[in-house]
Amino acid sequence: MSVNAIGEFVGAFLILIGGIASVISVFGLIRLPDVYTRSHAATKSSTLAVLLTLSGTFAYFLFAEHFISVRVLLGIIFVFLTAPVAGHLIVRAAYRSKVKLADISTEDELYDILHSTEKKESNYDHENE
Amino acid sequence: METLITILIGVLVTVAVYLMLSKSVIRIILGSAVLSHAVHLLLMTMGGLKKGDVPLIGEGTGKFTDALPQALILTAIVISFAVTAFLLVLAYRTYKETGSDNLGALRGFKDE
Amino acid sequence: MPAQLLLNLFIAFLWMTLIDEDELKFTTFFAGYLVGIGIIFFMHRFFGTQFYLRRLFAIIKLLLIFISELTQSSIVVLKQILSPKLKIKPGIFKYETVLSSDSEVTMLSLLLTLTPGSVVMEVSPEGNVLYIHAMDVEQSKEGLISQLKNFEKAIMEVTR
Amino acid sequence: MLLSIIIFIPFLAALFIPFIHKKIPNKHIGWVVLVVPLFLFIALCKYITAIANGETFIHTIKWIDSAGINFTTYLDGLSLIFGLLITGVGTLVILYSIYYLSEREAIGRFYVYLLIFMGAMLGVVFSDNLMVLYVFWELTSISSFLLIAFWYHRKMSRYGAQKSMLITVSGGIGMLSGFIMLHSMTGSFSVREILTMIGGFTDHKLFVPAMLLVLLGAFTKSAQFPFHIWLPDAMEAPTPVSAYLHSATMVKAGIYLVARFMPIFGGEAIWFYLVSSVGIFTLFWGSFSAVRQTDLKALLAYSTISQLGLIMSLLGIGSAAYASGIQTQSILYAQATFAALFHLVNHSTFKGALFMVVGIVDHELGTRDIRRLGGLMPLMPITFTIATIGSFSMAGLPPFNGFLSKEMFFESVLHMRNLDVFSVGAMGSLFPVIAWIASVFTFVYCLIIVFRTFFGDLKLERDDRPIQEAPVGMLIAPSLLSLLVIGIFFFPNVIGQYILKPAMAAVYPSLSNSEELIPHISAWHGWDYFPLIMTVGVIVIGVVLYMYLRYWKKVYTVTPLTWNLDSLYNAILMKSEKGAATITKTYMTGQLKDYLVYIFGFFIVLIGGMLLWKGGLSINFENDAPITVNEYIIVTVMMGAGIALLFVGSRMTAIVLNGVLGYSIAILFVIFRAPDLALTQIIIETVTTALFLLCFYFLPEWSKEKSTTFSKAVKGAIAIMVGSLVTVIALSVQGNRMFDSISTYFENAYELAGGKNIVNTILGDFRAFDTMLEVVVLFIAGVGVYTLIKLKGRKEGQDVEDK
Amino acid sequence: MNNVIVLPMIIPLLTGIFLVFLRPYIKTQRLFSLLSILLTIGVSIHILNLIQSDGILRLDFGNWLPPFGILFVADSFSMLLCLTTAVITFILLIYSFFSIGKSHERMFFYPFVFFLVAGVNGSFLTGDLFNLFVCFEVMLLSSYVLITLGGRKVQLIESIKYISINVLSSWFFLVAIAYLYGTVGTLNMAHLSVRIAEVGQGPLLTVIGLIFLIVFSLKAGLLLYFWLPGSYSAPPTAVAALFGALLTKVGVYAMFRVFTLIFYHEPQITHTTIGIMAVLTMIGGSLGAIAYNDIRQIVSYNVVIAIGFILIGLSVSTESAFIGSIYYLIHDMVIKAMLFLIAGTMIYLTGKARIPEMSGLIRNYPALGWLFFVTMLSLTGIPPFSGFIGKVYIGEGAVENSSFMLLAVGFISSIFVLYSLLRIFKNCFWGETIINEDEDTPLRKGMLLPIILLGVLTFVLGVGAEVLAPYVTDAARTLMDPDIYIEAVLGGR
Amino acid sequence: MIQTMLTIALILFSITIAIAVVRIILGPSMPDRVIALDMIGVNLIAMIAVISVIMKTKAFLEVILILGILSFIGTIAFSKFIERGVIVERKRNR
Amino acid sequence: MKINDVILRTVTKIVVFIILTFGIELFLSGHNDPGGGFIGGLVLSSAFVLLYLVYDVETVSKGIPFDFKKVAAFGVLLAVMTGVGSLLFGASFLTQTAGHFNLPVFGETELSTVTLFEAGVALTVVGVVVTIILSISKDV
Ligand code: NA
Ligand code: NA
């Protein structure tokens with residue numbers, strides 16, 4: 001087996017792993033009890049999945065076509081940068097829009113700060129607008 | 001593939017028509033958005049699907065899929081975007097003026 | 001530090017002219033640049049500042065730490081998802097960070113969020129307190145905090 | 001040339017009046033205007049001898065040559081009679097009107113209308129080209145409309161004007177279609193040309209429709225039953241107008257038309273029956289209705305209707321001559337036409353005079369109501385004399401011209417009995433009977449005019465000034481007319497030879513050499529002359545009926561008679577307005593939903609119907625590309641998302657689902673090897689979603705559609721049918737690719753346009769024009785959004801129009 | 001290469017763009033608008049005459065030969081309509097100077113008008129089916145903006161309906177194009193004609209043709225006209241007049257083009273359908289015209305009637321019918337503009353829109369009254385105004401083809417036209433005056449002048465119909481014989 | 001072998017998307033749906049990468065980055081909407 | 001508690017530059033690769049959209065003080081003028097020409113009127129998208 005063939009295989013393998021990771025994480029999306037826990041499954045596991053896939057793709061093109069795909073690299077960086085931000089934003093939005101935590105949750109150190117004082121601060125009272 | 005996509009088009013059209021037949025402006029706009037999805041697919045399908053490679057010269061074998069429908073769809077997409085944007089803003093302005101997004105309740109021109 | 005960079009570029013250019021090829025080649029320039037790196041690393045104490053590529057090493061180190069954390073916690077989360085019965089106890093806890101600048105806080109949050117099992121939910125207006133949602137507070141809170149400390153240190157090496 | 005000028009002179013004059021008006025005081029405009037018809041009359045008189053010698057004059061000015069519409073004027077005996085009437089009576093009427101109209105009226109406007117009418121009327125009778133004739137024909141309707149509504153602030157004036165316009169213009173439009181059919185058959189619009197060719201077309205399927213339509217025009221214009229209803233209401237016009245348009249000239253345009261077209265259609269049974277029966281019935285109905293009138297002008301209106309019917313029926317009988325070929329008998333029938341033309345002239349004289357008399361009475365007393373009139377003879381002796389002359393002439397008494405033509409009329413209807421064409425049979429005997437009964441009524445109302453107005457007690461007192469004879473100026477015109485009434489009685493053959501003979505030659509060109517065509521008119525035919533006996537009968541019975549009028553007048557209140565055509569007309573207008581409103585508002589709901597249902601419904605019916613009817617579906621899967629599992633999944637996802645879109649409870653979910661659809665389409669574009677599309681689709685979808693969100697902030701959450709199961713089912717059915725049709729046709733198209741696409745050409749994009757991205761070269765080069773316009777579209781939308789938001793309507797109450 | 005034929009579209013387009021930059025300078029905008037539209041008129045006349053000498057002109061954009069590139073084809077039919085469009089726009093611009101108001105003028109009113117004209121003229125000129133779609137969209141988008149401009153409640157509500165329906169019709173358009181492309185693989189109209197003639201217009205192609213019919217019917221207001229009265233009643237007068245005069249005509253044009261050039265093989269199906277639709281349209285329009293008391297509604301339904309009448313010509317498809325339709329089309333553009341202007345002016349002057357609320361206007365505004373009278377006659381087809389000649393020719397066409405039903409309904413509908421307008425004239429202009437001297441809103445000369453110009457135009461077009469005859473005949477000849485068009489487009493290949 | 005692996009991966013990604021759509025339809029909360037949408041975006045990226053590998057074309061690599069950019073923008077927009085109702089603020093005064 | 005967007009903003013600062021560069025690249029490479037004026041323009045405008053989402057209208061407008069309506073108008077003008085330009089050279093409307101030039105930095109470069117045309121397209125897209133978003137956002 002040539003280096004190229006091995007490289008291609010590695011690429012495909014990474015992609016396959018990515019696919020599996022993706023399915024598992026979507027499984028979490030169905031299974032987990034509340035939006036916060038689901039966000040863990042989504043933003044991380046699936047980020048992992050896509051990173052694996054993209055790396056696989058990068059490897060594939062590198063070995064099969066001897067082509068360094070800047071776009072794929074850029075894609076990887078981009079996902080790295082933005083996926084956690086997206087997760088952060090959604091979770092924050094969920095919490096601020098008062099989506100309840102699952103009953104199995106044990107701690108909430110944010111509740112007092114945000115929801116109990118909200119009436120006084122009235123940050124984003126869109127009913128007035 | 002063509003048959004499958006055609007059936008998909010049929011489903012989308014059905015959905016869109018049903019949405020358009022409602023009283024709420026948003027549903028209507030949404031319906032029109034789905035309609036445009038459907039027709040873009042239709043244009044694509046009518047040119048034949050997967051009949052060759054990506055229409056980039058130098059890529060692949062030299063047998064290309066029909067590029068003309070792609071160009072047409074591009075134009076159509078942009079136009080439908082323009083219209084949707086305008087319609088959406090219109091809906092919003094209308095709501096602000098009238099306080100309703102229900103076309104059934106909004107009587108435009110009155111005679112008697 | 002800009003002085004180091006300029007010097008490095010100068011060395012590379014010098015290298016290129018010394019090699020004296022028919023045409024200007026990027027590869028030659030790059031080779032010269034590498035030579036320059038070596039020279040400057042060797043001499044950097046004379047400038048009285050730190051070696052300007054030190055950050056590169058710090059970044060690589062951070063990346064490595066991150067990848068290892070990522071893999072570990074990914075496995076934890078995947079296990080939790082796949083386990084027949086959900087045994088997690090999610091919750092929100094707060095963490096006061098020693099980091100101060102926007103980019104540092106951001107970097108910490110990104111890294112923490114990317115590793116499974118934890119999401120930064122809020123940053124306090126002052127920017128020094130993070131509210132973190134964890135998949136399983138009871139079991140992994142300690143682990144998370146040590147992970148945070150780890151990250152903090154690595155980040156500071158990059159930024160300061 | 002002169003002829004064409006003659007037509008235009010009144011128009012030119014009308015054009016100048018507004019300018020003159022500023023310089024000349026109201027009072028004197030009439031005198032200026034008077035010059036016009038007088039001049040024209042004299043000019044036309046100069047033709048009399050030439051025409052009598054059998055000459056005709058023709059002159060053409062090119063107009064819409066390509067359509068065969070040219071301004072051809074043609075003067076022959078027939079048009080000359082009318083020309084003389086128009087200008088002659090016109091002169092008198094204007095003279096009369098100078099005294100009749102108050103200085104405070106908008107006299108300028110009045111004369112403008114009148115001159116336009118005069119020109120139009122001359123145009124009608126002098127035009128050889130059917131289209132030009134039609135032009136002037138409608139122009140007479142219009143000027144009549146304007147004149148009737150001269151006092152437009154009066155409700156009844158407006159009503160009358162509208163009625164006359166609607167009826168005559170409708171008839172005119174019918175006539176126009178008749179003319180078009182004639183042109184379609186013969187290829188010509190020239191009456192003379194059609195005349196020479198028509199023989200070959202009498203069996204043409206358009207021949208009879210054309211005839212009927214031309215008659216429709218004639219009947220409406222000449223107020224024949226049942227179209228006569230406009231004429232009484234037209235009496236709202238100032239009296240000079242009634243005298244001129246609504247008795248002497250315009251209403252005779254229909255007569256002219258029938259006479260003019262007799263050579264074309266005359267040989268047909270339908271023509272004969274229709275013209276004669278409609279005419280005779282109108283004669284009867286007009287006279288019968290006249291008796292019950294209490295308004296003198298209304299009475300005169302019905303009498304005009306009746307007299308027009310008389311003339312019409314004579315023309316109908318006269319057309320029999322065409323059926324029987326050139327023989328003595330045809331000459332006999334042709335004489336009915338002679339009678340018609342003669343009576344036409346006579347009627348203009350006595351009826352003109354009578355109208356002017358009524359005008360005088362109205363002018364002096366302020367009323368025309370018979371019930372309030374009486375005893376005017378001593379106060380207005382001259383007026384009385386004129387009235388008597390006119391009435392007795394109309395009643396058919398000697399020594400007035402009406403007697404002569406009435407006798408000829410009786411003679412003609414009596415000929416009907418012997419008619420052996422068109423299988424007339426028993427019908428022939430009916431005609432004299434009706435004619436006679438009608439004459440009795442005619443006699444009665446003539447007595448009413450004279451006796452109820454001028455005899456008996458004076459019922460009316462005027463406070464401001466005593467009732468007195470009209471000013472001399474007002475009496476000149478009617479006096480001249482009554483002189484003519486008597487003059488013609490004594491010298492009828494002058495008219496017969498110089499005026500009627502050439503007209504007869506125009507109506508019967510083939511008989512024009514026959515000497516007997518023109519009978520010698522004489523007042524006395526001996527005692528055994530049956531028409532004379534009829535006349536005596538009329539007088540006797542008429543006097544009796546007049547004396548016992550109050551006893552039998554109850555007849556008019558018998559129910560069927562009160563269901564008159566007028567109320568039918570009103571009801572039709574009312575009902576059609578109401579009905580139209582009901583119908584229109586049923587489907588024009590103002591609801592977008594309904595409109596969309598119509599559109600989809602039409603699509604289903606038209607396209608579905610066509611497919612069912614003609615087939616055209618042939619589905620063939622051979623060309624299908626293979627499908628992979630993940631493609632199935634994607635398509636399933638899309639279908640799922642699509643269907644879910646119908647059931648979601650929140651608009652946000654809907655937007656997310658729409659996003660799913662959009663992104664999935666992008667992946668389909670990837671699968672279909674369309675990178676540019678995938679890129680565009682993704683970005684557009686995102687921007688659209690952002691826009692949705694931007695606007696949603698302001699919009700309310702969407703509520704569940706509250707609709708009945710039935711309406712949901714209907715909507716569902718429509719949606720499914722539309723979807724299925726679109727699918728089925730698309731499948732069919734795939735099975736029926738008939739040609740290769742032209743797009744293989746673009747595969748040489750690199751050589752042709754220097755680009756390797758084929759889609760991009762199409763967009764940027766091959767079809768750059770589309771792209772350019774697409775950018776314009778986008779730009780308009782962008783700026784449009786900006787204006788939509790920036791330019792706001794002011795607060796309510798401004799729904800009418802920005803000021 | 002005949003670059004000149006792109007000008008009737010490109011001049012308005014560029015004008016529109018430049019005017020965007022001139023936004024704050026209203027006077028400059030006006031001047032620029034006038035000059036540019038006059039230029040368009042001049043160019044259109046020039047092209048029209050060029051066609052008479054050189055035959056149909058075509059311009060291949062980017063020099064790509066048909067059927068591959070997009071091209072403009074200028075024949076007498078399209079140029080006559082371009083010219084009329086430009087003339088009408090010129091007159092309506094003058095009206096808007098005096099009526100539209102500064103706030104609109106600053107809100108890109110003139111640019112939108114010019115974009116509309118560009119779209120309209122582009123639709124007339126294009127020889128490519130998909131480009132026709134794009135030109136339609138240019139026109140429609142501008143109309144969307146114009147109908148909402150001002151943002152009054154009614155405008156907004158009506159425009160939602162208007163836009164939704166047009167979105168739907170554009171959708172059908174694309175569907176039909178897709179099908180057609182799938183079957184015959186080309187977009188150039190002449191090429192489509194050739195290919196369809198080659199394989200024959202089978203049921204499938206006929207079905208596709210009928211979808212086009214639906215599309216253009218929606219645009220033209222043929223049978224599917226229910227959107228029209230509402231939308232044409234909402235915008236300011238100048239805009240309503242622009243719509244009434246131009247918009248539906250583009251649909252009519254497209255219908256003529258497509259059903260004489262491409263789908264002309266099955267007239268017993270397509271043309272009969274058009275005939276039936278025309279009849280129903282005229283009936284519906286006639287009923288609507290007499291049903292309402294609001295003059296804007298009456299006026300709008302008159303638009304509907306005319307559409308039905310013009311399409312008699314297409315249904316009948318004889319040369320004289322075509323001549324008639326073309327004459328009538330031109331006439332209708334002029335007279336509808338005039339009608340809308342007068343109706344709008346009446347509303348402006350009285351602040352009322354319903355017949356019973358107005359009376360005796362002729363005493364205060366005699367000129368307006370007489371101009372309305374002229375409009376009424378012209379619309380009814382009474383000579384010597386412009387409607388007459390077209391009516392005669394259409395009638396002749398119907399007679400030649402023995403389409404008596406069409407003839408009858410067409411001619412009877414003109415009685416309804418007369419009646420509907422007579423009601424307005426009788427009740428609003430005549431009757432007792434209700435406006436006192438001091439309440440009298442002065443009628444600005446600038447508002448009257450355009451109406452007078454249109455009045456003169458309808459008279460001149462009626463009396464001087466012969467001047468147009470060579471062009472109209474040529475246009476009709478081209479419609480009769482698709483080969484002339486095809487030869488001009490594909491002949492030079 | 002490689003083709004099989006790739007195809008399986010592709011199918012797995014499709015399945016993920018399908019399941020995510022189910023989550024969108026089920027909700028229950030809006031953030032749930034947005035998370036699912038975000039997930040779909042990310043998986044589309046993966047799918048396109050795989051398809052590019054299968055088709056051996058570089059034509060779609062741009063799409064990857066674009067999808068990344070836009071799913072980011074989309075998520076920001078949605079979460080801002082959920083959080084504050086308004087997604088573009090005129091002026092931030094807080 | 002006030003919202004602290006520090007994470008978002010910091011990341012956005014980086015991301016925006018990536019998007020802008022990518023957009024320009026897409027626009028320029030359109031003739032031979034996927035991309036072109038439309039897509040490039042859309043990507044560029046999505047960078048602006050991102051800015052407006054993350055910051056507020058006033059902040060962004062201070063940083064980018066263009067009248068985007070005029071940008072759009074200029075774009076349309078450019079697109080149309082490339083067509084009109086060919087009239088001036090006696091070629092058919094919208095005839096695109098290309099020339100090869102030796103430029104200092106870029107070396108042998110193909111400069112084509114198509115590029116101008118597409119630049120017009122891109123500018124329009126950017127102008128319009130931003131105009132729309134700004135119009136709505138400012139109308140509260
Ligand atoms: Na879309
Ligand atoms: Na209206």
Side-chain angles (χ1 to χ4, degrees), chain A residues 8-9 11-13 15-20 22-23 25-27 29-30 34-36 38-39 41-43 46-47 49-50 52-54 56-58 60-61 64-65 67 69 71-72 74-75 78-79 81-83 85-87 89-97 99-100 123-124 126-127 129, chain F residues 1-6 8-13 15-20 22-23 26 28-32 34-36 38-39 41-50 52-53 56 58 61-69 71-76 78-86 94:
Chain A
E8 278 179 44
F9 182 81
F13 185 72
I15 290 174
L16 185 59
I17 300 290
I20 294 168
S22 163
V23 170
S25 62
V26 84
F27 192 56
L29 191 70
I30 292 294
D34 66 358
V35 67
Y36 307 98
R38 281 179 212 131
S39 85
T43 49
S46 72
T47 311
V50 77
L52 284 169
T53 315
L54 287 182
T57 310
F58 184 78
Y60 179 86
F61 276 104
E65 316 228 325
F67 168 71
S69 175
R71 289 187 178 83
V72 174
L74 214 60
F78 204 90
V79 173
L81 268 178
T82 58
V85 182
L89 289 176
I90 299 173
V91 172
R92 187 176 76 187
Y95 198 82
R96 286 199 180 245
S97 67
V99 176
K100 287 223 167 58
N123 263 340
Y124 297 100
H126 31 259
E127 53 271 29
E129 297 192 47
Chain F
M1 173 69 171
I2 288 179
Q3 283 302 313
T4 321
M5 285 160 70
L6 291 174
I8 291 172
L10 198 56
I11 294 169
L12 290 176
F13 287 124
I15 291 171
T16 307
I17 292 177
I19 295 175
V22 173
R23 175 50 79 198
L26 292 181
S29 72
M30 218 48 236
D32 277 307
V34 179
I35 287 175
D38 187 50
M39 194 152 174
V42 169
N43 276 283
L44 282 177
I45 294 179
M47 269 189 98
I48 290 165
V50 183
S52 300
V53 173
K56 294 187 170 48
K58 288 166 255 172
L61 297 183
E62 273 92 350
V63 182
I64 291 176
L65 191 51
I66 293 265
L67 256 175
I69 293 171
S71 80
F72 180 53
I73 295 180
T75 310
I76 295 177
F78 272 115
S79 43
K80 269 191 93 171
F81 187 82
I82 294 167
E83 192 175 86
R84 304 170 214 190
V86 56
R94 36 210 152 211

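Only this structure's heavy atoms are used, side chains among them; waters, hydrogens and symmetry mates stay out. Numbers restart at 1 for each chain; the letters A, B, ... are given by sequence-line order, proteins then strands.
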Shortest non-hydrogen contact between [X] and [Y], atoms and distance:
{"X": "A/F67", "Y": "F/K58", "value": "CE2-CD, 3.2 Å"}
{"X": "F/I82", "Y": "A/A93", "value": "CG2-O, 4.0 Å"}
{"X": "F/A46", "Y": "A/T53", "value": "O-CG2, 3.8 Å"}
{"X": "A/R38", "Y": "F/P28", "value": "NH1-CD, 4.1 Å"}
{"X": "A/S22", "Y": "F/M39", "value": "O-CE, 4.2 Å"}
{"X": "F/A9", "Y": "A/I15", "value": "CB-CG2, 3.6 Å"}

(message) With a 4.5 angstrom heavy-atom cut-off, is it the side chain or the backbone of A/S69 that approaches chain F, or both, or neither?
(response)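 Contact with chain F involves the side chain of A/S69 alone.
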(message) What part of A/V99 gets within 4.5 angstrom of chain F, counting heavy atoms only: side chain, backbone, both, or neither?
(response)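 A/V99 touches chain F through side-chain heavy atoms alone.
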Specify which of [options] makes the most heavy-atom pairs with chain F at under 4.5 Å.
{"options": "A/S97, A/A12, A/G56", "result": "A/A12"}
{"options": "A/A86, A/G18, A/A83", "result": "A/A86"}
{"options": "A/V85, A/L74, A/I90", "result": "A/I90"}

(request) Determine, for F/K56 against A/E65, whether the closest basic-nitrogen to carboxylate-oxygen distance falls under 4.0 angstrom. (result)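 The answer is no: the pair does not qualify as a salt bridge.
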In terms of heavy-atom pairs under 4.5 Å, which option from [options] contacts chain A the most?
{"options": "F/D32, F/I8, F/V22, F/L65", "result": "F/D32"}
{"options": "F/A36, F/G41, F/G74, F/G68", "result": "F/G68"}
{"options": "F/I66, F/L10, F/L67, F/L12", "result": "F/L12"}

Can you tell me which portion of [X] sits under 4.5 Å from chain A's heavy atoms? Options are side chain, backbone, both or neither.
{"X": "F/L6", "value": "side chain"}
{"X": "F/N43", "value": "side chain"}
{"X": "F/S71", "value": "neither"}
{"X": "F/I69", "value": "both"}
{"X": "F/E62", "value": "both"}
{"X": "F/M30", "value": "neither"}

(message) Side chains of F/I35 and A/V35, heavy atoms from C-beta outward: is any pair under 4.5 Å?
(response)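 With C-beta onward as the side chain, the pair touches.
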(request) State, yes or no, whether a side-chain contact exists between F/I45 and A/F78 at a heavy-atom distance under 4.5 Å. (result)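 Heavy-atom side-chain distance check fails, nothing below 4.5 Å.
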(request) Please answer whether the main-chain N or O of A/L29 pairs with a side-chain N or O of F/R23 as donor and acceptor at a distance below 3.5 Å. (result)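 A pair under 3.5 Å: yes.
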(request) Give the C-alpha distance, both sets of side-chain angles, the deciding distance and a yes or no for side-chain contact (heavy atoms from CB on, under 4.5 Å) between A/V79 and F/V42. (result) CA-CA 8 Å; A/V79 173; F/V42 169; 5.6 Å; no
(request) Test side-chain contact (heavy atoms from CB on, under 4.5 Å) on A/F61 and F/V53 and set out the steps. (result) CA-CA 8 Å; A/F61 276 104; F/V53 173; 4.2 Å; yes
(request) Kindly write out the residues that satisfy side-chain contact (heavy atoms from CB on, under 4.5 Å) with A/L52, not counting sequence neighbours, or none if the list is empty. (result)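 side-chain contact (heavy atoms from CB on, under 4.5 Å) check on A/L52 returns A/L14, A/I17, A/L48.
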(request) Could I get the full list of side-chain contact (heavy atoms from CB on, under 4.5 Å) partners for F/I19, not counting sequence neighbours? (result)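 For F/I19, the residues satisfying side-chain contact (heavy atoms from CB on, under 4.5 Å) (neighbours in sequence not counted) are A/V26, A/I30, F/I15.
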(request) Measure the CG-CD1 distance between A/L54 and F/I48 for me, rounded to the nearest 0.5 Å. (result)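 One gets 10.5 Å once the value is rounded to the nearest 0.5 Å.
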